[in-house]
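Note sheet for the following structure.
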Amino acid sequence: MLTIKYIEEKDIARIHHLEKEGFPDPWSMSGIRESLRQTYTILLGAWLSDMLVGYVICYCAADEAEIARIAVAPSCRRQKTASALLKEIKRICLERQIKTILLDVRKSNLAAIRLYQTSGFTEDGVRKDFYANPAEDAILMSFSFGK
Ligand SMILES: CC(C)(COP(=O)(O)OP(=O)(O)OC[C@H]1O[C@@H](n2cnc3c(N)ncnc32)[C@H](O)[C@@H]1OP(=O)(O)O)[C@@H](O)C(=O)NCCC(=O)NCCS
């Protein structure tokens with residue numbers, strides 16, 4: 001059974017491992033630690049028994065939130081783990097009176113774009129050459145509560 005809980009410092013090495021599996025430009029251990037220590041960060045993990053198989057990093061400021069990272073271990077994908085993480089992020093954001101959740105995603109990342117669409121996010125526009133390593137356009141997406 002999948003359990004969603006807040007990430008603690010002891011989980012950072014595993015998050016770093018999942019970063020390397022999921023992204024061409026993985027965050028460093030110190031970058032993840034720094035993010036975790038900020039009061040405006042929500043960092044949730046998804047556990048299958050005692051194995052951390054996915055995580056989401058979200059920043060909150062005033063009535064807006066931003067999904068900074070989400071990834072699931074390759075062997076555990078297409079089992080609704082990321083969907084469960086986004087559902088819990090939405091629940092927490094609603095509780096904190098957040099009105100809108102924003103994110104950006106690489107144009108070629110069709111799996112993530114589809115995930116966000118199935119979780120209720122809609123496309124707001126494109127930011128040209130937003131990413132480096134490799135260079136790519138970003139699709140900007142958002143979810144608004146009460147729509
Ligand atoms: C994107 C990612 C987080 C999705 O995680 P996941 O746990 O497999 O996603 P879910 O199982 O919750 O998928 C929900 C829906 O999203 C869509 N989806 C997810 N992966 C997909 C894929 N590879 N191809 C097409 N659609 C996909 C499907 O509609 C899916 O529902 P379905 O399985 O019933 O068809 C995962 O592929 C990943 O870690 N990728 C690498 C990191 C990354 O790109 N993160 C996003 C950065 S913006």
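Order of listing sets the numbers, starting from 1, for every ligand and every atom in it. Worth saying up front: this structure is predicted, and the values here are computed from it rather than measured.
- With hydrogens left out, the protein atom closest to atom 42 (C) of ligand 1 is Gly22 O, 3.4 Å, a heavy atom.
- Taking the ring axis of Phe143 as reference, the NZ or CZ atom of Lys90 stays within 45° of it and closer than 6.0 Å to the ring centre.
- In terms of polar-atom proximity, Ala82 is counted as a contact of ligand 1, with an N or O under 3.5 Å from an N or O of the ligand.
- For atom 46 (C) of ligand 1, the nearest non-hydrogen atom from the set Leu18, Leu103, Ile70 belongs to Ile70.
- Of the protein's non-hydrogen atoms, Arg78 NE, 2.9 Å is the one closest to atom 33 (O) of ligand 1.
- Backbone and side-chain nitrogen or oxygen atoms of Val72 are examined, and one is located within less than 3.5 angstrom of a nitrogen or oxygen of ligand 1.
- Inclusion of Tyr116 in the set of residues having an N or O under 3.5 Å from an N or O of ligand 1 is not warranted.
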Show me, pair by pair, the donor-acceptor contacts under 3.5 angstrom made by side chains of residues 97-104, not counting sequence neighbours?
from: Asp104; atom 1: OD1; to: Tyr131; atom 2: OH; distance (Å): 2.6

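- The contact set between ligand 1 and Thr81, taken as ligand atoms under 4.0 Å from a residue heavy atom, comprises 7 (O), 12 (O).
- When non-hydrogen atoms are compared, ligand 1 lies under 4.0 Å from the backbone of Gln79 (N, CA, C, O) but not from its side chain.
- In this structure, Thr118 is part of the shell of residues with a heavy atom less than 4.0 angstrom from ligand 1.
- Given atom 34 (O) of ligand 1, the protein heavy atom at minimum distance is Lys80 NZ, 2.4 Å.
- Checking Gln117, Arg114, Arg77 against atom 29 (O) of ligand 1, the nearest heavy atom belongs to Arg114.
- Cluster annotation: Ile15 is connected to Met29 through the hydrophobic network of ILVMFWY side chains, with a link wherever side-chain heavy atoms come within less than 4.5 Å.
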